[in-house]
Q: 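Structure provided below as structure tokens; questions to follow.
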Amino acid sequence: MRLTRKKMKLLNQSAAALLVLSGGSVGMAQAQDAGAAPVASAEENVSKVVVTARRREETLQDVPVSVTAFSADQLSKQAVPDVTALALALPNTTLKASRATNSTLTAFIRGVGQADPLAGFESGVGIYIDDIYLARPQAAVADIYDVERIEVLRGPQGTLYGRNTIGGAVKYVTRKLGPQRDVRVRATVGEYGQKEAVITASTPLTDTARVGATVARFKRDGFGDNLFTGKGNYDKDVTAGRVSAEFTPNQDLFIRLAGDFTQDDSNPKNGHRLIVGRTSGAPILPDVFDTQGNLTKALGHDQEVRAYGGSATIEYMLNSEWSVKSITAARRDKSYAPIDFDALPVVDMEVPALYTNRQFSQELQVTYNGPRLQGVAGVYYMDANAFNKFDTILAGAVPTSTYTMGDIDTKAWAAYFDGSYNLTDTVSLSLGGRYTVDKREADVLRQIYFGLAGTPDMGNPGAILFRTDTDLRNGLLEREDKKFTPRVAINWKMNPAHNIYASYSEGFKGGGFDPRLNVVGTRIPLDVARAGYAPETIETYELGLKSAFNGGRITTNAALFYSDYQDVQIPGSIAVDTNGDGRDDSFAGVTTNAGKAEIKGAELEAIANITPNFMIAGMYSYIDAKYKEYIVAGVNVADQRIFQNTPKNSANLRANYDIPLPLMGHNGRISLIGSYSYKGATAQFETPSILDQESYKIWDASIVWTRTDGKVRAGLHGKNLGDEHYKTAGYLFPTLGNEGTLTAFYGNPRTVSATLELRF
């Protein structure tokens, strides 16, 4: 899209801003240019920052939305490994790898999210790559490369984004190709045998065509060992790449074709047992990153995740006020996941699994940018399939292998609009709305076979069928959900330094079907199973104030919010007795619409340029999320339930001190960066358990030298310097199998790495 001179000037101003705070920005970022970025002092960091949170360029302090942005230069300077590391600096946000995976994302914002990655469950937080919604969480823990910035929006997002997202959105914005030949190399070495390399190159072919590509390799030994297989546990073996071509046939037309792929060949990630083996007496291992899991293959295949996709974006400026945009995209991924629930050498509770996902989406939008009215309207269509199958191999009085298959088709379309009208020079009113239609069809099959050798669909053709518990195929599971969700906001710019806004927005997530349905074991009536679970909705009220002091050297962003959360979708797995002998012999999924919840909280982000070379920043967030109604067997047990992945208090304090330091005949600047992060106690499920994590603290520090012209950067980075051990997920089935299952997964230990970046 062709930028006006005014917008180009604003982008150039923001490109000069380098936020060098460890752990992320405080609601501020830069619009990175395509060439080498010169090093900036803290004095220059007061330049205005541009984001596209509302599908148009706006300064961050002007947009009436709770949004935090991270620039490419920030991410590079602090050696941020992937999107999960950003959560330390984000208010009321949890981003982490799901249990037993390296690359499946669990995301929660302001108490809203989705922890179960199985087919049938849609994320409460939308992940976008260049406005393309990722329908599934597999392969969403993306290593950060080739980005211009990352924006994180909190609260319901439906009037501006292609897919309805009830909790918030994480938006990757990749870098557009520059007019000059550009080559960049980044190399990293570190503890645990870490070796990484990212090579990016782009070049113009003609005055109207450019091409570029990035290849990345991420390799690391395990943080611990699998004492049974001898291989590393929590290792990393990822290859990724991206190619793009951009065309500007004339000054009003922009076309981009892009493709990307990710291949994860890491070892199976096995948990750490928190209890002694019930039968074998196997002890608790002293190192939380060690394991003894024996399951190494699924369908005879090693652990592997493959994801790839392609897109075509066309933008056309009709005139100085009107533009149209088309976004066409398709994605696929496939995951072989051997999961050893019990984490012991014996076959006790093992789950070899296969996930496959595909999606196609088409979005058309029209944008208007007039002197008093600005807005966007669009239509969106998505056709997606999520398929999973897995065995539950379970020892016990009668050893069995249970086959579970879920095949979920989703067809969704929506029409949306969001516009802002300047009532006066200081007051603007925003109105938006979205009409969504979600249609889902599902096939679910559950069969029990004798023995511990697996089932026919998972590689054991000789297995003997004992019983079919659930067979809901051939059109038996089908539902359609429709909803209109509005948004209204009023924004008052009291003066150039203070901007106050109030908003009301609604969010919606359609209903569906649990792919682990067990009609026999859970005694679910057939009509209830066929109805599935209902949509969930949220109504959020927000009051925010964005301020600047001392000529913009100090900025603060504060927000208060209250949400009324209805029909909350709670998926869960429970142990069941399928044969009536009084002993649990299987597990099944039970998804309920819990009832009602009330969420209220506060968020504060601040940054202060104390001197031209010294900057300090911080974040504090508080959330009080409570269930008001949670019906189980006709009884309200809300006082016994808690919100998962939602710590009540979170904080982050960061500082950066720049010192001019010539090196090897070149002028440059050395940056001393420190970060302290606090996360309050975090629950893993809706009921308290030993897997819950007490509050913990993370210390990070970096020393980075950057040449003045930005073409050379070298850094030494320490993460989690206190070597804090903190649980991020786990499996809890103490009554199943002979040994009992209670295993935990942990965040990264202390690591030290060195990076070198070159730009040509």
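For the single chain, residues carry numbers from 1 onward in sequence order.
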Q: Taking all non-hydrogen atoms of both residues into account, name the closest pair between A463 and G454 and its distance.
A: CB-O, 3.4 Å

Q: Nearest 0.5 Å, what's the CD-CD distance between Q566 and E629?
A: 8.0 Å

Q: Looking only at atom types and distance, does a side-chain atom of N649 sit under 3.5 Å from a main-chain N or O of G680, one as donor and one as acceptor?
A: no

Q: Y504 and Y541: ring-ring contact (aromatic ring centres under 6.0 Å, His included), yes or no, with the steps?
A: CA-CA 5 Å; Y504 167 82; Y541 303 83; 4.9 Å; yes

Q: What pair of heavy atoms forms the shortest contact from I538 to S563, and how long is it?
A: CD1-CB, 3.7 Å

Q: Is Q138 close to P117 at the side-chain level, that is, under 4.5 Å between some pair of heavy atoms?
A: yes

Q: Spell out, as yes or no, whether a donor-acceptor pair under 3.5 Å connects the side chain of T682 to the backbone of N645.
A: no

Q: If we only count heavy atoms from C-beta on, is the E603 to R154 side-chain gap below 4.5 Å?
A: yes

Q: Output the distance between atom CG (L105) and atom NZ (K96), rounded to the nearest 0.5 Å.
A: 10.5 Å

Q: Closest approach of F387 and A119, non-hydrogen atoms and distance?
A: N-CB, 4.1 Å

Q: Quick check: are there more than 12 heavy atoms from other residues, nucleotides or ligands sitting under 6.0 Å from CZ of R332?
A: no

Q: Between T402 and L394, is any pair of side-chain heavy atoms under 4.5 Å apart?
A: no

Q: Tell me, do P352 and I393 make a side-chain contact under 4.5 Å, heavy atoms counted?
A: yes

Q: Using atom types as modelled and distance alone, determine if a side-chain donor or acceptor of T165 lies under 3.5 Å from a backbone N or O of Q157.
A: yes

Q: Please round to the nearest 0.5 Å and tell me the distance separating atom CG of D333 and atom OH of Y355.
A: 11.5 Å

Q: Of T106, D116, T104, which meets side-chain hydrogen bond (donor to acceptor under 3.5 Å, both in side chains) against S98?
A: T106

Q: Mind running side chain to side chain contact (heavy atoms under 4.5 Å, CB included) on I599 and I623 for me, showing each step along the way?
A: CA-CA 7 Å; I599 305 171; I623 190 168; 3.6 Å; yes

Q: Have a look at V519 and tell me which of D471, T468, T470 forms a side chain to side chain contact (heavy atoms under 4.5 Å, CB included) with it.
A: T470

Q: For residues E694 and Y726, is any side-chain donor paired with an opposing acceptor at under 3.5 Å?
A: no

Q: Would you verify whether the NZ or CZ of R641 falls within 45 degrees of the ring axis of Y627 while also being under 6.0 Å from that six-membered ring's centre?
A: no

Q: At what distance, to the nearest 0.5 angstrom, does OH of Y731 lie from CG of D342?
A: 11.5 Å

Q: Is there a donor-acceptor pair closer than 3.5 Å between any side-chain N or O of R136 and the backbone N or O of L118?
A: yes

Q: Quiz question: by atom type and distance under 3.5 Å, do the side chains of K483 and N164 form a donor-acceptor pair?
A: no

Q: Does R516 use its side chain to pair, donor to acceptor, with the backbone of A588 at less than 3.5 Å?
A: no

Q: Taking R440 for the side chain and T410 for the main chain, is one N or O donor matched with an acceptor at less than 3.5 Å?
A: no

Q: Could you check if a side-chain atom of Y630 sits within less than 4.5 angstrom of a side-chain atom of Q640, using non-hydrogen atoms only?
A: no

Q: Would you compute the distance between atom CZ of R306 and atom OG of S335 and round it to the nearest 0.5 angstrom?
A: 9.5 Å

Q: Any sub-3.5 Å donor-acceptor pair from S621's side-chain atoms to P91's backbone N or O?
A: no

Q: Do S689 side-chain atoms and L691 backbone N/O form a donor-acceptor pair below 3.5 Å?
A: yes

Q: How close do V305 and A139 get, counting heavy atoms only, and between which atoms?
A: CG1-CB, 4.1 Å

Q: If you take all heavy atoms of G168 and I109, which pair is closest and at what distance?
A: CA-CD1, 4.1 Å

Q: Tell me, please, which residues at least two apart from K626 pass side-chain contact (heavy atoms from CB on, under 4.5 Å).
A: D624

Q: Is a side-chain donor or acceptor of T455 paired with a backbone partner of Y403 at a separation under 3.5 angstrom?
A: no

Q: Counting N and O atoms only, with roles assigned by atom type, does the side chain of D481 sit under 3.5 Å from a partner on the main chain of P535, one being a donor and the other an acceptor?
A: no

Q: Given Y234 and F745, is the side chain to side chain contact (heavy atoms under 4.5 Å, CB included) satisfied, shown in steps?
A: CA-CA 10 Å; Y234 289 79; F745 298 87; 3.7 Å; yes

Q: When Y133 is tested against each of Y381, F360, Y128 for ring-ring contact (aromatic ring centres under 6.0 Å, His included), which residue passes?
A: Y128

Q: Hey, is D131 close enough to K171 for a salt bridge, meaning N to O under 4.0 Å?
A: yes

Q: How close do I448 and D469 get, counting heavy atoms only, and between which atoms?
A: CD1-OD2, 3.3 Å

Q: Are the charged groups of R163 and E122 less than 4.0 angstrom apart, N to O?
A: yes

Q: Can you list every pair that meets salt bridge (Lys or Arg N to Asp or Glu O under 4.0 Å) and has a residue in residues 525-537, with sequence neighbours left out?
A: K509-E536

Q: Tell me, please, whether F561 has R110 positioned over its six-membered ring: NZ or CZ under 6.0 Å from the ring centre and within 45 degrees of its axis?
A: yes

Q: Please determine whether side chain to side chain contact (heavy atoms under 4.5 Å, CB included) holds for the pair T392 and L736, giving the CA-CA distance in whole Å, both sets of side-chain angles, and the decisive distance to 0.1 Å.
A: CA-CA 11 Å; T392 304; L736 290 180; over 6 Å; no

Q: Check step by step if side chain to side chain donor-acceptor pair (under 3.5 Å) holds for Q644 and Q684.
A: CA-CA 5 Å; Q644 63 165 287; Q684 306 295 349; over 6 Å; no

Q: For residues K389 and L299, determine if any side-chain heavy atom of one lies less than 4.5 Å from a side-chain heavy atom of the other.
A: yes

Q: Identify whether the distance between the nearest side-chain nitrogen and carboxylate oxygen of E739 and R273 falls below 4.0 Å.
A: no

Q: Can F108 and T93 be said to form a side chain to side chain contact (heavy atoms under 4.5 Å, CB included), step by step?
A: CA-CA 6 Å; F108 279 74; T93 300; over 6 Å; no

Q: Side-chain contact test, heavy atoms from C-beta onward, threshold under 4.5 Å: evaluate it for F508 versus T436 and give yes or no.
A: yes

Q: Step by step, would you call T591 with D514 a side chain to side chain donor-acceptor pair (under 3.5 Å)?
A: CA-CA 6 Å; T591 299; D514 192 322; 2.6 Å; yes

Q: Taking atom CG of D564 and atom OG1 of T537, what is their separation to the nearest 0.5 Å?
A: 7.5 Å

Q: Can you label the angle between the H272 ring and the Y746 ring as parallel, tilted or perpendicular, going by 30° and 60°?
A: perpendicular

Q: Does a side-chain heavy-atom distance below 4.5 Å link Y449 with P456?
A: yes

